[in-house]
Amino acid sequence: MPIPLFNSIASWLLKKRYHQIELFLKYPAEVQEEVLFQLLEVAEDTEIGKKYGYASIEKYEAFRNRVPIVTYEEIEPLIERTRRGEQNLFWPTSIKWFAKSSGTTNAKSKFIPVSTEALDDCHYKSGKDLLCLYLNNNENSQLFTGKSLRLGGSKEIYQDNGSYFGDLSAILIDNMPLWAEFSSTPSNRVSLMSEWESKLKAIIEETTQENVTSLAGVPSWMLVLLNKIIEDTGKDHLFQVWENLEVYFHGGVSFNPYKDQYKKLLPRKSFKYYEIYNASEGFFAIQDRNGADDLLLMLDYGIFYEFIPMDVYGTEQQEAIPLWEVKTNTNYAIIITTNAGLWRYKIGDTVRFTSINPYRIKITGRTKHHINVFGEELIIENAEEALKTICIKTGSEIKDYTAGPIFMEGKEKGAHEWIIEFRTPPEDLNYFTEFLDNALKSLNSDYEAKRYNNITLRSPKVHMARENLFYDWLKANDKLGGQHKIPRLSNSRDYIEELLHMNK
């Protein structure tokens, strides 16, 4: 099919979907209730469905009172039975795919079930919706006159006991519909290569010969690839490699630490950035406006959402609420029920609603990725905002960072310890540290209270990391490429100690 014709047809089909999106924008509560009761009906004869009497649940309140909220560890036995070949335990259709989680909260791997329904009605549907929303906002887009450079996971698909597991991105690429494969680069063979550094070379060889109009992938790893392309080609910026490049679709980690670095590689004011919110468990939200910093929660992907206010999370007062009861400017932990058989599952992410008409969110961090050793409740959103402000003030640029606690010892007060790898370091690290402390105080009243007169916390300690420290740490832990992430904040010193040792 000629590319101009393909561009026109694809654009027309994707724009038609916008009318369906308008339905859940207008009737969000009704759409979410319909999703819940469809899931209950489909799964009523599964082992879980019979255990909790799904067939007799007629109202949301009965679902909330009858079905417990669970963690991965609590449902792992059921997942392991499915991986060994048993079916109809938590979802009625056969589940053969498992996304091996590359999360940083547990050393032990998680295997998240991926059903056919989840692939079709969530993950692939979301990919089309991302394009639909982008095209709706950019009618003169020439996206389909070229290809999308997708940067997926670096793990191959492994067969085990008749089931298959790998990075979610590898599973998606392996099952990719023809239309998506036709419009993507590099080839599936290269995308699924397991060794990151060989894969990097192969991606560059293939993609620099293509007319790339969009980029898609995790910001940290995409940045490694793009910098390597600039180095290998000797170009000044990426538009000299791909003149028709118009948008970068990104997700997986916060974009704030990388934004300025991308602007240097892509120095064109018309170039656009679109954020997505996806995980091994599902695809949840999409940026639906040019230049926005919040995301539209997608309500018709076979996922029913509940939320726990973080001020009661993990306490006896903890109770989940449905979407129609949330408020803006409150930090919530997300609970999901999905068309892959996850029932009231703690995904581990936290969000804040910026709007409830329509429902738009900002990702604020992880339930486990924060520092709250001293009651300071420092979340990733605070850290990212503070670092962004400091970099502007000091003319510095951050490549990667992590932070953890310094525990109280004797009369010595506690503190936060940071390791920061700079692309452009500040002239005075002490001034940078003081600015960081003040910025966090202005953003977080709990942190400010603990820092008042050094009552609980003394000023933070900041180390300047050597070049490529975080890359080398990921390599040493076999976490190069794909969806692997630097742990930003932690309540323990595990990551800090390892990195300090490697920074000598």
Side-chain angles (χ1 to χ4, degrees), residues 1-11 14 127-128 130-131 134-135 138 140-157 167 169-170 172-252 258 261-268 270-274 471 480-483:
M1 181 185 297
I3 285 179
L5 180 59
F6 178 77
N7 184 53
S8 299
I9 293 174
S11 298
L14 289 168
K128 289 182 279 189
L130 174 62
L131 299 176
Y134 175 75
L135 292 171
N138 301 279
N140 296 322
S141 168
Q142 294 298 303
L143 203 62
F144 289 113
T145 60
K147 294 190 174 184
S148 174
L149 193 167
R150 50 153 195 229
L151 186 58
S154 58
K155 297 291 185 184
E156 293 180 355
I157 301 296
D167 278 1
S169 55
L172 296 179
I173 289 169
D174 203 52
N175 290 277
M176 185 178 288
L178 186 61
W179 69 269
E181 187 175 345
F182 176 79
S183 60
S184 300
T185 187
S187 63
N188 284 9
R189 178 189 65 82
V190 169
S191 293
L192 295 174
M193 288 174 67
S194 59
E195 203 280 309
W196 166 251
E197 289 170 337
S198 300
K199 175 179 176 175
L200 195 65
K201 183 179 179 182
I203 290 173
I204 293 171
E205 288 177 356
E206 281 198 13
T207 60
T208 51
Q209 307 305 312
E210 297 281 3
N211 174 29
V212 173
T213 53
S214 67
L215 306 171
V218 176
S220 51
W221 294 110
M222 181 63 76
L223 192 61
V224 172
L225 170 64
L226 299 182
N227 279 320
K228 183 64 175 169
I229 287 173
I230 292 293
E231 179 185 326
D232 287 2
T233 60
K235 303 296 185 183
D236 295 323
H237 54 74
L238 288 167
F239 298 120
Q240 293 176 346
V241 182
W242 302 302
E243 62 178 330
N244 298 316
L245 197 57
E246 62 176 79
V247 61
Y248 172 33
F249 301 112
H250 62 88
Y258 306 102
Q261 297 175 62
Y262 274 90
K263 287 182 177 179
K264 290 178 181 178
L265 293 171
L266 297 155
R268 188 180 284 172
S270 61
F271 187 80
K272 294 179 176 60
Y273 300 90
Y274 262 63
Y471 184 92
L480 283 184
Q483 298 166 316

Please report the shortest heavy-atom distance between N138 and K272, naming the atom on each side.
OD1-CE, 2.8 Å
Looking only at heavy atoms, which two atoms of S184 and R150 are closest? And how far apart?
CB-NH1, 3.4 Å
Minimal heavy-atom distance between V190 and A202, with the atoms involved, is CG1-CB, 3.8 Å
Should the ring pair Y262 and Y248 be called parallel, tilted or perpendicular, given that the plane angle runs from 0 to 90° and is split at 30 and 60?
parallel
Should the pair R189-E206 be classified as a salt bridge under the 4.0 Å nitrogen-to-oxygen rule?
yes
Output for pair (I230 CD1, K264 NZ), nearest 0.5 Å, gives 13.0 Å
Measuring from atom OG1 of T185 to atom CD of Q209, what distance do you get when rounded to the nearest 0.5 angstrom?
10.0 Å
Nearest 0.5 Å please: distance from the OG atom of S148 over to the CG atom of L131.
8.0 Å
Is the closest side-chain heavy-atom distance between V241 and V212 below 4.5 Å?
no
From N211, T213, L215, residue fulfilling side-chain contact (heavy atoms from CB on, under 4.5 Å) relative to W242:
L215
Minimal non-hydrogen separation, K199 against M193, with atom names:
CD-O, 3.6 Å
Do L135 and F144 have side chains that approach each other closer than 4.5 Å (heavy atoms only, starting at C-beta)?
yes
Taking the side chain as everything from C-beta on, heavy atoms only, tell me whether E231 gets closer than 4.5 Å to K228.
yes
When rounded to the nearest 0.5 Å, the distance separating CG of D232 from CG of N227 is 11.0 Å
Under the side chain to side chain contact (heavy atoms under 4.5 Å, CB included) criterion, do L265 and I229 qualify, and how do the steps go?
CA-CA 10 Å; L265 293 171; I229 287 173; over 6 Å; no
Rounded to the nearest 0.5 Å, what separation is found between the CG atom of L223 and the CG atom of L151?
11.0 Å
Contact summary for P219 and H250, nearest pair of heavy atoms:
CG-CB, 4.0 Å
Look only at the side chain of E246 and the backbone of S141, and say whether a donor-acceptor pair between them is shorter than 3.5 Å.
no
Can you give me the closest heavy-atom contact between F239 and L266, atom names plus distance?
CE1-C, 3.5 Å
Hey, are the side chains of T207 and L225 touching, using non-hydrogen atoms and a 4.5 Å cut-off?
no
I'd like to know whether T145 forms a side chain to side chain contact (heavy atoms under 4.5 Å, CB included) with N244, so could you lay out the CA-CA distance, the side-chain angles of the two residues, the decisive distance to 0.1 Å, and finally the verdict.
CA-CA 9 Å; T145 60; N244 298 316; 5.5 Å; no
About how many Å separate CE of M222 and CG of L149, when rounded to the nearest 0.5 Å?
5.5 Å
For E197, I'd like to know if atom CD has over 12 heavy atoms of other residues, nucleotides or ligands within 6.0 Å.
yes
